[in-house]
There are 2 protein chains.
Amino acid sequence: MDTMKDCTIYKTIDIIGKRWTLCILLELYKGNNSEKRFNELKKKVAGITPKTLSTRLKELGEDGLVKRTLDEATDPMVYTYSLSESGADFMEIIQSIKEWGLEWKFENKACGLSKCKNCKL
Amino acid sequence: MDTMKDCTIYKTIDIIGKRWTLCILLELYKGNNSEKRFNELKKKVAGITPKTLSTRLKELGEDGLVKRTLDEATDPMVYTYSLSESGADFMEIIQSIKEWGLEWKFENKACGLSKCKNCKL
DNA sequence: CTTCATAGTATCCATCAAGAAACTGCCATT
DNA sequence: AATGGCAGTTTCTTGATGGATACTATGAAG
């Protein structure tokens, strides 16, 4: 019990292991990590409900992976989301997951390219 | 929907994203990836129930990450579990998760060592 | 003045995963 | 003869997650 709770790997998995989280991170990364808005993400992350997206963005904000900025110039308030520095660095994990998957489990021409047409990674 | 289902990253996460999975993989890796038995794993992976361990080992076996071998010399039948080649290679992902966690989220003296005293990674 | 889009929140409900606990069958030990 | 270990399976229950749907408030567009 104690050893598990102290494990960096486990604590990290707690942050990123939830459904949709990777998907959202990936979506934010696309297009040179440009800022994105709520409904834009909702469309891209096909199938996610607004409730879940809202929850995940909040969690990722609290964990420091995603920046939520209020654009004060607009009215009504418009928030934009983008990856923080740690969120961008997280793409390295995603990259290693992808490499393992391609090596051992899946054939995917798109992902085999240096830049996958689906995930842009 | 389609893009998600075709994504190598997502398919890989499906395999390894479940609770306890990483823990079991890590435990199998320890001690130079020596063969381990059911109750041995149950003790090491503190808190897991036999039911869940049984389920996970089956899944990991089907996905090719874990080898289950029947030791025919013993009676009654004794199965031993160990990482397959792809399972061992999977440690690279775990390593990158650990590095990210240590860089951005957690301070952990043990994990900071080249060989963590908890996870032996 | 009605409808649409944005950016979510609120409510309810169904499913599923996981925990607890007991049980099986076989063997070795005491 | 009884206890305990090994390797799980079975049953029952609960808690959390996520899906569906509707709703709010604001402003723009037609």
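Worth knowing before you read on, the calculation uses all heavy atoms, side chains too, and leaves out hydrogens, waters and symmetry mates.
Looking at residues two or more places apart in sequence or on another chain, you find no side-chain hydrogen bond (donor to acceptor under 3.5 Å, both in side chains) involving A/R19. The side-chain hydrogen bond (donor to acceptor under 3.5 Å, both in side chains) search around A/N39 returns none, not counting sequence neighbours. With sequence neighbours excluded, the residues that form a side-chain hydrogen bond (donor to acceptor under 3.5 Å, both in side chains) with B/E35 are B/T80. Evaluation of the side-chain hydrogen bond (donor to acceptor under 3.5 Å, both in side chains) rule for B/K36 yields B/S34 as partners, not counting sequence neighbours.
Following rounding to the nearest Å, B/I48 (CD1) and D/dT9 (P) show an atom-to-atom distance of 13 Å. The separation between A/F38 atom CZ and D/dT24 atom P is 18 Å, rounded to whole Å. Distance, B/N39 CG to D/dG8 P: 9 Å, rounded to whole Å. Rounded to whole angstrom, the span from the CZ atom of B/R37 across to the P atom of D/dG5 amounts to 13 Å. Taking atom CH2 of residue A/W20 and atom C1' of nucleotide D/dG19, one finds them 10 Å apart after rounding to whole Å. Rounded to an integer number of Å, the gap from CD of A/E40 to C1' of C/dG8 is 16 Å. If you measure from atom NZ of B/K18 to atom P of D/dT17, you get 17 Å, rounded to the nearest angstrom. To the nearest angstrom, C1' of C/dT6 lies 18 Å from NZ of A/K36.
When the shell of 6.0 Å around OH of A/Y29 is examined, it contains 12 or fewer heavy atoms from other residues, nucleotides or ligands.
Taken residue by residue, residues 50-61 of chain A places heavy atoms nearer than 4.0 Å to DNA chain C at A/P50, A/K51, A/S54, A/K58.
Legend: salt bridge (charged side-chain N to carboxylate O under 4.0 Å, His left out) pairs involving residues 55-66 of chain B, not counting sequence neighbours, sorted by first then second residue: B/K18-B/E59, B/R56-B/E59.
Of the candidates C/dG8, C/dT6, D/dG19, D/dG19 carries the atom nearest the A/R19 side chain, counting heavy atoms from C-beta on.
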